[in-house]
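Everything numeric in this text was worked out from a predicted model, so none of it was measured. All chains are named by letter (A, B, ...) in the order of the sequence lines, taking the proteins before the strands, and each is independently numbered beginning at 1.
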Protein chains: 2
Amino acid sequence: MRRKPGTLLPLETTILETALDLRGCGEEEFHGFAIAKEIAAHSEARTLTAHGTLYKALARMETAGLLASRWEDPAVGAEQGRPRRRLYHITGLGGQALATASTTRSSSQVYDHRGLVAS
Amino acid sequence: MRRKPGTLLPLETTILETALDLRGCGEEEFHGFAIAKEIAAHSEARTLTAHGTLYKALARMETAGLLASRWEDPAVGAEQGRPRRRLYHITGLGGQALATASTTRSSSQVYDHRGLVAS
DNA sequence: CGAGTATAGGCAGATATCTTCCTATAAGTC
DNA sequence: GACTTATAGGAAGATATCTGCCTATACTCG
């Protein structure tokens with residue numbers, strides 16, 4: 001589907017909300033797989049099939065400036081016996097976009113550097 | 001199945017032979033996934049289902065002293081955008097066991113620190 | 001030789017991320 | 001309002017390793 005720039009899609013809203021949920025546990029950063037598990041746990045039935053959709057959404061959101069990421073030190077993952085993670089955090093723009101989408105309960109609101117803009 | 005100590009199972013023989021094949025390309029070390037791909041490519045039909053069988057065989061062979069392993073530097077895998085590998089090499093005992101199994105074309109030969117022993 | 005036991009092998013899935021291919025649909029254009 | 005087009009989402013799989021569960025069977029012992 002074609003996309004109106006500056007819009008938050010439902011999945012993107014879910015990702016941001018879920019990220020805040022996870023962040024509640026103390027850590028500022030989150031990784032894709034944790035989001036996938038959380039989403040799957042809450043809304044049983046959404047598998048995000050093979051997680052491809054989620055990772056594409058995350059990459060998209062980073063490009064859009066809603067998220068920023070860094071690679072975890074590979075040694076950390078190695079010590080814990082798991083693959084390395086890409087650690088995301090929500091940017092100011094991302095927080096703004098979520099706030100807008102949450103208060104209006106509509107996913108077709110528009111955000112930009114000034115905040116909410118007419119849709 | 002119960003196991004007679006000092007015996008090479010068919011899969012173990014295959015692993016050692018495949019490792020030598022791969023080693024022909026220059027590197028002394030090999031990793032499990034490469035073995036799995038090679039085995040799958042040669043004997044089409046053997047998937048080694050989810051590779052569980054293969055990894056268990058590798059661990060077993062290391063315990064038995066036929067193989068030795070080390071973890072690849074996590075940074076190397078990270079740079080190449082893939083999970084880290086466990087790098088194996090064939091020990092003297094492993095080479096001996098393979099030689100024995102290969103020449104006799106039987107997998108029920110027995111090896112130990114002295115080499116071939118009566119089966 | 002029959003009974004019991006340990007273990008090999010198959011199946012499934014967790015841990016993480018990414019890619020490619022295809023389809024469905026929202027947005028823009030006229 | 002119909003047509004075109006870009007893109008989101010789903011399906012599948014590559015890259016690596018490991019664990020647990022269950023079954024089949026080779027081996028051992030009486």
Residues which pass ring-ring contact (aromatic ring centres under 6.0 Å, His included) with B/Phe33, listed by chain and number, not counting sequence neighbours: B/His51

Can you measure B/Gln80 atom CD to C/dT17 atom P for me and round it to whole angstrom units? 19 Å

d(CG, B/Leu67; P, D/dT17) in whole Å: 13 Å

In Å, rounded to the nearest 0.5 Å, how long is the span from CG of B/Leu20 to CD1 of B/Ile90? 4.0 Å

Nearest heavy-atom pair of A/Ala78 and B/Pro74: which atoms, and what distance? CB-CG, 3.7 Å

Are the charged groups of B/Glu12 and B/Arg3 less than 4.0 angstrom apart, N to O? yes

Just to be sure I understand the geometry, which residues of residues 52-63 of chain A put a non-hydrogen atom under 4.0 Å away from DNA chain D? A/Thr53, A/Lys56, A/Arg60

Excluding sequence neighbours, so at least two apart, what forms side-chain contact (heavy atoms from CB on, under 4.5 Å) with B/Pro83? none

Rounded to whole Å, the CZ-C1' distance (A/Phe33 to C/dC18) equals 13 Å

Under a 4.0 Å heavy-atom cut-off, which of residues 68-77 of chain A touch DNA chain C? A/Trp71

Just the rounded figure in Å: distance from P of D/dT15 to CD of B/Glu38. 13 Å

Return the set of residues passing side-chain contact (heavy atoms from CB on, under 4.5 Å) with A/Arg70 (not counting sequence neighbours), or none when no residue passes. A/Glu29, A/Leu87

Partners passing side chain to side chain donor-acceptor pair (under 3.5 Å) against A/Arg85 (at least two apart in sequence or in another chain): A/His31

Just how far, in rounded Å, is C1' of C/dA16 from CD1 of A/Ile35? 14 Å

From CD1 of A/Ile39 across to P of D/dG10 the rounded distance in Å is 11 Å

Return the set of residues passing side-chain contact (heavy atoms from CB on, under 4.5 Å) with A/Gln80 (not counting sequence neighbours), or none when no residue passes. A/Val76, A/Arg82

Could you tell me the separation between the CZ atom of B/Arg84 and the P atom of D/dA14, rounded to a whole number of Å? 21 Å

Compare every heavy atom of B/Leu54 with every heavy atom of B/Ala36, then report the nearest pair and how far apart it is. CB-CD2, 3.6 Å

What protein N or O atoms touch nucleotides 28-30 of chain C N or O atoms at under 3.5 angstrom, if any, and at what distances?
none

Return each pair, listed once, that meets side chain to side chain donor-acceptor pair (under 3.5 Å) where at least one residue sits in residues 86-95 of chain B; pairs must be two or more places apart or across chains. B/Ser69-B/Arg86

Proximity to the side chain of B/Arg82 - top-ranked nucleotide from C/dC18, D/dT15, D/dT17: D/dT15

